Protein chains: 2
Amino acid sequence: MKNYELVLHRVEAELAAGRLRIGERLPGERVLAEQLGISRPSVREAVRVLEAMGVVRTATGSGPEAGAVIVAEPVSPLTAVLRLHLATNHLPMGDVVQTRILLESWAAREAAEQQANADELEILLDAMDAPGLSPEEFHRLDAEFHVALSGLAGNVLIAAVMASLRSAIHGYVLAAVPNLPDWEATTVGLRAEHRAILKAVRAGEPDDAADLITAHIRGFYQAARLNMP
Amino acid sequence: MKNYELVLHRVEAELAAGRLRIGERLPGERVLAEQLGISRPSVREAVRVLEAMGVVRTATGSGPEAGAVIVAEPVSPLTAVLRLHLATNHLPMGDVVQTRILLESWAAREAAEQQANADELEILLDAMDAPGLSPEEFHRLDAEFHVALSGLAGNVLIAAVMASLRSAIHGYVLAAVPNLPDWEATTVGLRAEHRAILKAVRAGEPDDAADLITAHIRGFYQAARLNMP
DNA sequence: CTGGATCATGTGGTCGGACCACAGCCTAGC
DNA sequence: GCTAGGCTGTGGTCCGACCACATGATCCAG
């Protein structure tokens, strides 16, 4: 058992027992080190891991905002894991796309069935109609649209995974933009597809919503020649 | 920019560029520290994060197995993230169950359509027929069956997520066993359902396979009173 | 008495150096 | 030629120190 794992187990146990809640602060690194009988560097390694896992947020200084504060931020660690494993080329892009299709078509179907409030989606689509958007800006709004749509289904795990997928592939998608024959024409098509998806969700047509978003995702990846399932 | 992030970015860049491949070793901590102009503790914090992310595996000693070796192990970090966030109670168990149903029914459907080789599943089911299995042993085999089934669809991301979900909830499921009215009777039912699922996959009946596994998962969580969607 | 400038305090961030345990390699001795 | 021992390089751990930062108490001037 490595020393820093003592801290990880301790924190996880206290979280599970409810003795540590979101918004509260971890004991100081020096205190933690003395309590567990280990050195401050070992504690720091554990805190770094917790930070990477989205469980704490560290800040210098004093006051209630400083120190290691318990948070619940599952998106950034999932993003980091996916990005790193995409970088190793042991996570095929095709599998990511397939997963997106599965999650998003489910979410669209659920959103349509629940007649979820889709006003936020419309704001994003309006923003995407602005002329002269750079590919980077356009894709960021596009990602926000897809993530927001996934969130409508009300499942925080699936929403987090979707947000992570989008963040992780952000760079790859932008790098593939030059593969597109005509960027302007592509945005026109994507915007129209988004509107159609929104319409289906609002109309309460689960099958239509799911089919439209499946075609939307598949179509883009084929056009951009990001290798496909 | 914190110092240890220098290492993370460096490693991710080298992975993406193909200069670091799986099985190769990271430079020694002392070397890395000097190359980046930072201290060894900072390097160590970064290595710990990479280890937690399943990108490297560290070992002491000398020889090709020692040091920080590049690996691709996405399951353990995903498991850790899910476990920690389950511990914070900001990840409802119901959402996890819903996600399982979505992923596993998809995987069962795919496996049935592809007529994937399901021999491994049968070995697991035979092992589950052994009399006198403890709930812990039974559930471990059960988890293996579900993960193996998810793997048949051939999507490494979905398989990794499924494996993580099972590992993360392992403890919670075992803790819920006392809620069951009759453990022995439950195992009889679960085994029969597993056989039915396997049969549907082998028969190439995607709809049946998906429906059976959905009912299988939902039924167990309702019986064990792990809160449901 | 009021208000702003200043310092004390406690936090994480970083560093250098030191020592240990471990595993493989290499060499000296048989 | 073979074996046993030491050598070397790896991560694992610790100590002590200093820095940067944000806060809040304190002090002094008005």
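These numbers come from a predicted model, not from an experiment. In what follows, chains are A, B, ... by sequence order, proteins preceding strands, each numbered from 1.
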- Message: So B/Arg48, base contact, sugar-phosphate only, or nothing? Heavy-atom distance under 4.0 Å.
- Response: sugar-phosphate
- Query: Considering residues, nucleotides and ligands other than B/Gln114, do more than 12 of their heavy atoms fall under 6.0 Å from its CD?
  - Reply: yes
- Item | Residue pair A/Glu65 / A/Arg57, side-chain heavy-atom distance below 4.5 Å | yes
- Side-chain touch A/Leu36/A/Arg10, heavy atoms, less than 4.5 angstrom: yes
- Query: OP1 or OP2 of C/dG13 less than 4.0 angstrom from a side-chain nitrogen or oxygen of B/Ser42, does that happen here?
  - Reply: no
- Query: What's the CD-P distance between A/Glu29 and C/dT14, to the nearest Å?
  - Reply: 11 Å
- Note on the structure: Between CD1 of B/Ile38 and C1' of C/dC15 the distance, given in whole Å, is 11 Å
- Message: Quiz question: going by heavy-atom distance under 3.5 Å, is there a donor-acceptor pair between the base of D/dG11 and the side chain of B/Arg30?
- Response: yes
- Please state how far atom CD in B/Glu34 lies from atom P in D/dG9, giving the value in whole angstrom units. 15 Å
- Along DNA chain D (nearest heavy atom to each residue), the more 5'-positioned of B/Pro41 and B/Val31: B/Val31
- Indicate yes or no: does A/Arg140 engage A/Glu136 in a salt bridge with an N to O separation below 4.0 Å. yes
- Message: Base, sugar-phosphate or nothing for B/Gly63? Non-hydrogen atoms, less than 4.0 Å.
- Response: sugar-phosphate
- Distance, rounded to the nearest Å, where A/Leu36 contributes CG and D/dC14 contributes C1': 15 Å
- With respect to the phosphate group of C/dT11, does any side-chain polar atom (N or O) of A/Thr58 fall under 4.0 Å of OP1 or OP2? no
- Short side-chain N/O contact to D/dC14 OP1/OP2 from A/Ser39, under 4.0 Å: yes
- Message: Between B/His139 and B/His146 (judged by ring centroids, cut-off 6.0 Å), do the two rings come close enough to count as a pair?
- Response: no
- Between CG of B/Leu32 and P of C/dT14 the distance, given in whole Å, is 15 Å
- Message: Rounded to whole Å, please give me the gap between CZ in A/Arg40 and C1' in D/dA17.
- Response: 11 Å
- Query: To the nearest angstrom, how far is B/Glu45 atom CD from C/dC15 atom C1'?
  - Reply: 11 Å
- Message: What is the distance, to the nearest angstrom, from the CD atom on B/Glu5 to the C1' atom on C/dG12?
- Response: 14 Å
- Message: So, does A/Arg44 get its side chain near the phosphate of C/dG13, meaning an N or O under 4.0 Å from OP1 or OP2?
- Response: yes
- Message: With nearest nucleotide decided by heavy atoms, which residue, A/Ser62 or B/Arg25, maps closer to the 5′ end of DNA chain D?
- Response: B/Arg25
